[in-house]
Amino acid sequence: MTASGHAPAWRGPVSLMAACFAGLVALSWFRLWYVGTVNLDGLPVDMPWEIGRRTAMFFLFFGAGWSFLRILSLEIGEGEVRGLLTSSVLIQAVLLLSLPLTSNDIFSNLAYGKMSILGIDADLLGAAALSPDDPFRGMVTARWLTTPIVYGPVIAFMNRLVTAPESLWLSMALFKAVSFALSLAITALAYLYCARFKGGASRARSFAMIALNPVFLWEISAQAHNDSVMLLGIVAFVFFVSARMEWRAFLSILFAFAAKIAVLPVIGLYLAYTFFASRKRLALYIVFLASLSAVAALYFSGKLGIILVPPDSGGVDMTRLTNTPLYLVARLLASAGPAVQSAGYKAYWTAAMVAMALLGLRMAWRARSADRLFLFGLAFTVLFNLVASPTYQPWYCLWVLPFAMALGERPIVRFVELYSVITVAQYAILNSLSGSIINLGVLALFLIYFRKDEELLGEVVGFRRRPAQGVRGQC
């Protein structure tokens, strides 16, 4: 209650968000009863069920997203942030009970974990290396059966740690428990960051950017995506950079990298930032990295090829393209034959990679403050995912939330808010074609807010709007 005896204004939208997520949890269990399996892949299409399921998902996800935007629109005092923290934890606890509903990825992780326990090298082989009648293999999405693990050693270790080889359900429960613990750790660190570096209404707004973000709540607590490991490292990185604890920041971003290599561009930006801050510390960083570079290069070299899907003379493997412009290019050119399709794919892929490399160099040269480091980390990550990446999944939105939390109120952060709502709402119609088209719209939305963000526009393209001039002849 507030000092006047009334319930806080944020209580209503938070309650609606909790109700929507509880509805999604119930839907996931109803699906198990109706369909008879928690597997989401390769099942016969039941059109009445699909229409009902997707309609329910749209309204529930949209309700959660609208609640998030409503919370951000309110003036919430510093003393009320603890109430938001409690609400976030309670919602996460409810979502812990969810079964897979929008992603099958938990089963890929468990299959890799079982492979590791059995002595099968998951860095070289996919889940197809398991016995054909293995229940872990039977749950893996078809497109990942022959794909080796694309994650780093931290997630590989976690997969092995939580896998009980004789029980798929126990393994699921253990994996979700660890994911829930990581989610709570991220929430706690975000709370500490906002308590230390944010004041007034901006404290609640920045905290809600992560702790009550529908993408964060759903993807980590409910669907147990292993991005939680990398996200924890990024939040710690933002905290320590802001606190000027540079070595801790450096180790945090390396921890994130050891989970997923997607954070590699941020490491590059941080090294450039360090170049302008302290040449001595940069030299020590380089010496430290050199001692690890051979191992990292050996471990991650093959994974880069799997993730980036470079041009191949053998043609385009459509199963490895998801929700991206590259998917649209390959699909639109498929009717022209493999040669034309491959040539078009190569042309776009090469142009996109060159453009992102040039943009990265420009950002690195301009990354001379913590704010710019966070700003460029956000912008580059979004642009690479929406323009150059062959594969994009909705939970990739998580990667930019720590930077948005740090940047506070500005146009590009407003984009992230809307992006978060679009991300969860699209699950009702998501497939590779619809996802690719939706992400073109998201890219257009990003460019709109990019133009509105004066500092970002000026730093990246060297253009700043001149202040309006007074009418000639007037004082």
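T350 places a side-chain N or O within 3.5 Å of a backbone atom of K346 that can act as its donor or acceptor partner. Although no hydrogens or angles enter the test, the distance criterion places a donor-acceptor pair under 3.5 Å between the side chain of T391 and the main chain of R320. Remark: side-chain polar atoms of N323 are paired, donor with acceptor, to backbone N or O of Y392 under 3.5 angstrom. The closest donor-acceptor contact from the side chain of S167 to the backbone of A164 lies at 3.5 Å or more, if one exists at all. Side-chain N or O atoms of R248 include none that pairs as donor or acceptor with a backbone N or O of F240 at under 3.5 Å. For S434 (side chain) and N431 (main-chain N/O), a donor-acceptor pair under 3.5 Å exists by modelled atom type. Of the possible donor and acceptor atoms, one in the side chain of S179 sits under 3.5 Å from a partner among the backbone N and O of I220. Judged by distance alone, the side chain of S342 and the main-chain N or O of P338 form no donor-acceptor pair under 3.5 Å. A donor-acceptor pair is defined here as one N or O able to donate and one able to accept, closer than 3.5 Å; such a pair exists between the side chain of S67 and the backbone of G63. Judged by distance alone, the side chain of R372 and the main-chain N or O of A367 form no donor-acceptor pair under 3.5 Å.
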Contacts table for residues 95-106: side-chain donor-acceptor under 3.5 angstrom, sequence neighbours left out:
from, atom 1, to, atom 2, distance (Å)
T102, OG1, W218, NE1, 2.9
S103, OG, D105, N, 3.2
S103, OG, H225, NE2, 2.9
N104, OD1, L40, N, 3.1
N104, ND2, N39, OD1, 2.8
N104, ND2, M139, O, 2.8
N104, ND2, T141, OG1, 3.3

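Remark: the N226 side chain and the K260 side chain contain an N/O donor-acceptor pair separated by less than 3.5 Å. Side-chain contact annotation: S242 with R196, donor-acceptor N/O pair under 3.5 Å absent.
Proximity of S436 to P325: side-chain heavy atoms (C-beta onward) are nowhere separated by under 4.5 Å. Contact of the V94 side chain with the L90 side chain is not registered, since no non-hydrogen atoms from C-beta on lie closer than 4.5 Å. Proximity of F216 to T187: side-chain heavy atoms (C-beta onward) are separated by under 4.5 Å at one or more points. At least one side-chain heavy atom of T55 sits under 4.5 Å from a side-chain heavy atom of I51. Looking at L184 and F180, their side chains come closer than 4.5 Å, going by heavy atoms from C-beta outward. P148 has its side chain out of reach of D123: every pair of non-hydrogen atoms, C-beta onward, lies at least 4.5 Å apart. Under the 4.5 Å side-chain criterion, counting only non-hydrogen atoms from C-beta, L60 is not in contact with F21. Here the side chains of Y348 and V387 are in contact, with some heavy-atom distance below 4.5 Å.
How far OG1 of T324 is from CD of Q393: 10.0 Å, rounded to the nearest 0.5 Å. In this structure, F68 CZ and L217 CG are separated by 9.5 Å, a value rounded to the nearest 0.5 Å. Atom CG of L130 is separated from atom NZ of K114 by 6.5 Å, given to the nearest 0.5 angstrom. Taking CG of L398 as the start and CD1 of I234 as the end, the distance is 9.0 Å to the nearest 0.5 Å. One distance of note links OG of S228 with CE of M158; it measures 5.5 Å at 0.5 Å rounding. The structure places CD1 of I155 at 13.5 Å from CG of L161, a figure rounded to the nearest 0.5 Å.
Between F380 and F376, the gap from one ring centroid to the other reaches at least 6.0 Å.
For E246, there are no salt bridge (Lys or Arg N to Asp or Glu O under 4.0 Å) partners at least two apart in sequence or on another chain. Under the ring-ring contact (aromatic ring centres under 6.0 Å, His included) criterion, Y34 pairs with W49, sequence neighbours left out. Legend: residues meeting side-chain contact (heavy atoms from CB on, under 4.5 Å) with S131, ordered by chain and number and at least two apart, are D133, D134. Evaluation of the ring-ring contact (aromatic ring centres under 6.0 Å, His included) rule for W33 yields F30 as partners, not counting sequence neighbours.
Closest of all the heavy-atom pairs between P402 and L231 is CG-CD1, 3.6 Å. The two residues F257 and I267 make their nearest non-hydrogen contact at CB-CD1, 3.6 Å. Taking both residues in full, the closest heavy atoms of L333 and G344 are given as CD1-CA, 3.5 Å, listed atom of the first, atom of the second, then distance. Residues L27 and R53 share a closest heavy-atom pair of CD2-O, 4.1 Å. The nearest pair of heavy atoms linking S420 to L401 is OG-CD2, 4.1 Å. Residues A249 and Y270 share a closest heavy-atom pair of CB-OH, 4.0 Å.
Applying the 6.0 Å contact sphere to CZ of R31 captures more than 12 heavy atoms from other residues, nucleotides or ligands. The number of heavy atoms from other shown groups lying within 6.0 Å of CD (E50) is above 12. Shown here is F62, whose CZ atom has no more than 12 heavy atoms of other residues, nucleotides or ligands within 6.0 Å.
In this pair, F250 and W247 present their aromatic rings perpendicular. The plane angle is above 60°, beyond the 30 to 60° band.
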Inset, instruction - With side-chain contact (heavy atoms from CB on, under 4.5 Å) as the test, would you mind laying out the steps for L383 and F446 before giving the verdict? - result: CA-CA 8 Å; L383 280 172; F446 173 84; 3.5 Å; yes
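Residue pairs that meet the ring pair (Phe, Tyr, Trp, His ring centres under 6.0 Å) test with at least one member in residues 101-158, sequence neighbours left out, do not exist here.
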